[in-house]
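Indexing begins at 1, ligand by ligand and atom by atom, following the structure's order. Along the sequence shown, residues carry numbers from 1.
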Amino acid sequence: MVRLAVVGSSPLHGTIRINGAKNACLPIMAASIMTEGRSVLMDVPCLADVHAMGDILRALGVSVQRLTDKRLSLEVTGDDQCACPHDKGIAMRASICVLGPLLARRGEALVPIPGGCVLGDRPIDLHLKGLKALGATIRKENGLIHAFAERLRGATIYLGGPRGSTCLGTANVMMAATLAEGTTVIEHAACEPEIKDLAAYLNACGARISGAGTSTVTIEGVERLTGCTHTVIPDRIEAGTFAAVAAITGGEIVLENVCPSHMAATLDVMDRMGVGFEAQGTTMRVWRDGPLRATDVNALPYPGLPTDMQPQLMAMLTVAEGVSLVTDMVYPERFAQVAEFNRLGADITREGPRAVVRGPARLTGAPVRAHDLRGGAGLILAGLAAEGITEVEDLWHVDRGYEWIEERLRAVGAGVARVGSTPVAPGQTELFRLRAAS
Ligand code: EPU
């Protein structure tokens, strides 16, 4: 069992470079299934999820090679395989991203139905609704989605659901529509920057997509897509998490390679809490020199506050002065971290769909368990603010979304150590090899 030992520390100072966004990379990698020729992606983080997507694509006939620690090459070398490997498919929700590309390019797709998780029920009905509207026949059998279509046809599709828009659902339908006959209009599309980045990649490959990043996306189908070179956008969640490191420890951290406009909602909450920040181009300085103040937090689809920042902000609220209400409209059940924060001394109660955080709590180190990626990041933050040593178990969750978390925290002065049987995170052995060879 790999865990992170975190020594509660004094204010942290230093500079951290933010990586390319995991949630932009994964659908872009899947989109490469539809291209002819090589794509080179720049600023691809070395993460367990990226590694897992690479494995899935290899099984589907895509040659995936990490050229340097941040550049990834993708090229289809065989197109007769339509089935996503079951074990890898069920292990990662983003495996659903190969559904649209396989269907559009190979006429058939077999993808395991991804399970629910600690974030609550995560249906895929909107993905299927969109692809059916493009003319696909879809059956669910033996735990698989089996989709087929000779040629997809453009359509106007309303893709909103009970919780608003869907990111990967929008990605799937948008990808499939690039090779469909005629024009597709997606209404109530997800507006997340990662969708805009996927469209930028596809357009550079020859697709004709407009409106990505707004709630109406129009796709004029084309006959073929080529490869291209594309730089992935900075990870707004990683940036928000490291901003929270500066804030919760009362330190000052300079974040490089950020896109501040993608972080407006997160920065607004931090501003209300008394955190200072100053952006200049792609660099942002974040600091705190007064006490943290309570504020209400409500996670919503973009441009609202990202649900993927909710647990990290909750960690900050545990030590803030006053009472805060935390609501998550995207994943109303995303509260697995609450019991773990309370183990560290926080005072949080669940009241229906909300968590009530009473601060400031005196946090003291204890063994805690990460139940999911962002909850794990929240626990590391709480550990940094706690007295003594906190051990965050099941660090593999965190490794899915944060590259070299311990090295990067140590670079700003944190006392952290990875403890357990494997010295490096899953998926990072490849990077280890590249580093050793250079
Ligand atoms: N939903 C439906 N039907 C669907 C799809 C989604 O009702 O067919 C609902 C979901 O249950 C949820 C809401 O719509 O309530 C939004 O889910 P969405 O589809 O947008 O989530 P996703 O695309 O599966 C991505 C990220 C998540 C992030 C969410 C929300 C990737 C690989 N994953 O998931 O990232 O939380 O968008 O922003 O892009 C993470 O990085 O830690 C993570 C969980």
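- The part of Asp308 lying near ligand 1 is the side chain, judged by heavy-atom distances below 4.0 Å.
- By the criterion of a heavy-atom distance under 4.0 Å, the side chain of Thr307, and not its backbone, is placed next to ligand 1.
- Using a 4.0 Å cutoff on heavy atoms, Arg400 does not count as a contact of ligand 1.
- Counting non-hydrogen atoms of other residues, nucleotides and ligands closer than 6.0 Å to CE of Met92 gives a total above 12.
- At a 3.5 angstrom cut-off on N or O pairs, Gly169 does not count as close to ligand 1.
- Between Pro162 and ligand 1, no N or O atom pair is found at a separation short of 3.5 Å.
- Salt bridge annotation for Asp328-Arg163: absent, with no cationic side-chain nitrogen under 4.0 angstrom from a carboxylate oxygen.
- Nearest non-hydrogen protein atom to atom 41 (O) of ligand 1 is Arg374 NH2, 2.8 Å.
- Only the side chain of Arg93 comes within 4.0 Å of ligand 1, judged by heavy-atom distances.
- Counted by atom type alone, Arg374 and Tyr331 present zero donor-acceptor pairs between their side chains at under 3.5 Å.
- Remark: Arg369 engages Asp394 in a salt bridge, criterion side-chain N to carboxylate O under 4.0 Å.
- Between Ala171 and ligand 1 there is no heavy-atom distance shorter than 4.0 Å.
- For Pro27, no heavy-atom contact with ligand 1 is shorter than 4.0 Å.
- Residue contacts with ligand 1, taken as heavy atom pairs separated by less than 4.0 Å, involve Arg334 solely via side-chain atoms from C-beta onward.
- Contact annotation: for Asp372 versus ligand 1, there are no heavy atoms closer than 4.0 Å.
- In terms of protein heavy-atom proximity, atom 5 (C) of ligand 1 is closest to Pro123 O, 3.1 Å.
- Glu75 has no carboxylate O lying under 4.0 Å from a charged side-chain N of Arg38, or vice versa, which leaves the two without a salt bridge.
- Between the choices Lys22, Arg122, Glu238, the shortest heavy-atom distance to atom 34 (O) of ligand 1 belongs to Arg122.
- Of all the heavy atoms of Tyr331, the ones lying under 4.0 Å from any atom of ligand 1 belong exclusively to the side chain.
- Only side-chain heavy atoms of Leu373 come within less than 4.0 Å of ligand 1; its backbone N, CA, C and O stay farther off.
- Looking from atom 8 (O) of ligand 1 to the surrounding protein, the closest heavy atom is Leu126 N, 2.8 Å.
- Of the polar atoms of Val330, at least one N or O is found under 3.5 Å from an N or O of ligand 1, judged by distance alone.
- The closest protein non-hydrogen atom to atom 20 (O) of ligand 1 is Cys167 N, 2.8 Å.
- Taking the charged nitrogens against the carboxylate oxygens, Lys70 and Asp43 have no contact shorter than 4.0 Å, which rules out a salt bridge.
- Side-chain contact, Thr266 with Arg236: no donor N or O sits under 3.5 Å from an acceptor N or O.
- With respect to the salt-bridge test (charged N to carboxylate O, under 4.0 angstrom), the residues Arg106 and Glu108 do not qualify.
- Ligand 1 has Leu119 within reach: a non-hydrogen atom of the residue lies less than 4.0 Å from it.
- Between Ile145 and the choices Leu131, Ile113, Leu110, Leu103, the side-chain contact (heavy atoms from CB on, under 4.5 Å) rule is met once, by Ile113.
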